[in-house]
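Structure, as structure tokens:
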Amino acid sequence: MARLNPDALRLYLVTDQSLMRGRPLADVVAAAVQGGVSCVQLREKNLGSRDFLAQALMLKKLLAPQRVINDRIDIALACGAEGVHLGQSDLPVAQARQLLPPQVFIGWSVETMSDVLQSATLPLDYLGVSPVFATPTKTDTGTAWGLEGLALVRAATAL
């Protein structure tokens, strides 16, 4: 596993161009970083591979030395991302770890307590607990954990 300073994830931005009201991605990310964001996950589900890579390369240049995280291993490798975040339907964590250089950190979305318990057996650096609160921006999630659920997750893992 990569050595990940928890402060690197202090304030984590997940991009979604459909919510940017026509503003350029670079402008939104630059403003977020200026406002304290320490980690950016490029999450653009509606972009093809070439456009996704172009966005990743642009953000890598814009954010250096900030962290850039992609949820696609091919794009993470192509742009030299410092980390990758995987969801439940993405490439399995064990296979991602085999493909990625050892210094690249891996995060994983957990949606159930079973996922949290499984995470102890995986080469992970952090967990993304989703969703903590109900959200209209991501409709494919399970029931919101709430703060009580988040506390249970925190008690069940060192990640």
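In what follows, every heavy atom counts, from backbone to side chain, and hydrogens, waters and symmetry copies are set aside.
- Heavy atoms from other residues, nucleotides or ligands lying under 6.0 Å from CG of Asp7 number more than 12.
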Would Gln95 and Ile73 count as a side chain to side chain contact (heavy atoms under 4.5 Å, CB included) if you check the C-alpha gap in whole Å, the side-chain angles of each, and the deciding distance to 0.1 Å?
CA-CA 10 Å; Gln95 283 72 27; Ile73 300 297; over 6 Å; no

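- For Thr121 (side chain) and Gln118 (main-chain N/O), a donor-acceptor pair under 3.5 Å exists by modelled atom type.
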Please test Val40 against Ile69 for side chain to side chain contact (heavy atoms under 4.5 Å, CB included), starting from the C-alpha separation and ending with a verdict.
CA-CA 6 Å; Val40 177; Ile69 301 178; over 6 Å; no

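- Between the side chain of Asp27 and the backbone N or O of Pro24 there is no donor-acceptor pair closer than 3.5 Å.
- Hydrophobic cluster membership is shared by Phe133 and Met113, with clusters built from Ile, Leu, Val, Met, Phe, Trp and Tyr side chains linked at under 4.5 angstrom.
- Going from atom CZ of Phe105 over to atom CG of Leu4 covers 5.5 Å, rounded to the nearest 0.5 Å.
- In this structure, Val104 and Gly83 approach most closely via the heavy-atom pair CG1-CA, 3.7 Å.
- A donor-acceptor contact shorter than 3.5 Å links the side chain of Gln88 to the backbone of Ser109.
- When atom types are taken as modelled, the side chain of Arg50 and the backbone of Leu53 share no donor-acceptor pair closer than 3.5 angstrom.
- No donor-acceptor distance shorter than 3.5 angstrom exists from the side chain of Lys60 to the backbone of Ala81, with no hydrogens or angles considered.
- Clustering ILVMFWY residues whenever any of their side-chain heavy atoms sit less than 4.5 angstrom apart, transitively, puts Val153 in the very cluster that holds Leu147.
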Evaluate Glu82 against Gln103 for side chain to side chain contact (heavy atoms under 4.5 Å, CB included), listing each step before the verdict.
CA-CA 7 Å; Glu82 293 179 326; Gln103 71 275 13; over 6 Å; no

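- Distance alone, capped at 3.5 Å, places no donor-acceptor pair between the Asp71 side chain and the His85 backbone.
- Classification of Arg72 and Asp90 as a salt-bridged pair fails, no side-chain N sitting under 4.0 Å from a carboxylate O.
- Here the OG1 atom belonging to Thr157 is positioned 5.0 Å from the CG atom belonging to Leu127, to the nearest 0.5 angstrom.
- Counting heavy atoms from C-beta outward, Leu25 and Met58 have side chains that approach closer than 4.5 Å.
- Leu9 and Ser38 make their closest contact through C-OG, 3.8 Å (heavy atoms, listed as atom of the first residue, atom of the second, distance).
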Given the rule in the side chain to side chain contact (heavy atoms under 4.5 Å, CB included) test, do Ile106 and Tyr126 qualify, once you have shown the distances and angles that lead to the verdict?
CA-CA 7 Å; Ile106 300 176; Tyr126 75 92; over 6 Å; no

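- Remark: side-chain polar atoms of Arg154 are paired, donor with acceptor, to backbone N or O of Leu159 under 3.5 angstrom.
- Between the side chain of Glu44 and the backbone N or O of Asp16, at least one donor-acceptor pair lies under 3.5 Å.
- A donor-acceptor pair is defined here as one N or O able to donate and one able to accept, closer than 3.5 Å; such a pair exists between the side chain of Thr15 and the backbone of Arg43.
- Within the 4.5 Å cutoff, no side-chain heavy atoms of Gln55 are placed close to those of Ile75.
- Closest non-hydrogen pair, Tyr12 versus Gln41, comes out as OH-OE1, 2.8 Å.
- Nearest heavy atoms, Leu62 versus Ala26: CD2-O, 3.7 Å.
- Residues Ala56 and Asn70 approach most closely at CB-OD1, 3.8 Å, considering heavy atoms.
- By the 4.5 Å heavy-atom criterion applied to side chains, Val84 and Leu91 are not counted as neighbours.
- Counting only distance, with no hydrogens or angles, the side chain of Arg23 and the backbone of Met20 share a donor-acceptor pair below 3.5 Å.
- Closest approach of Phe52 to Leu42, counting heavy atoms only: CZ-O, 3.5 Å.
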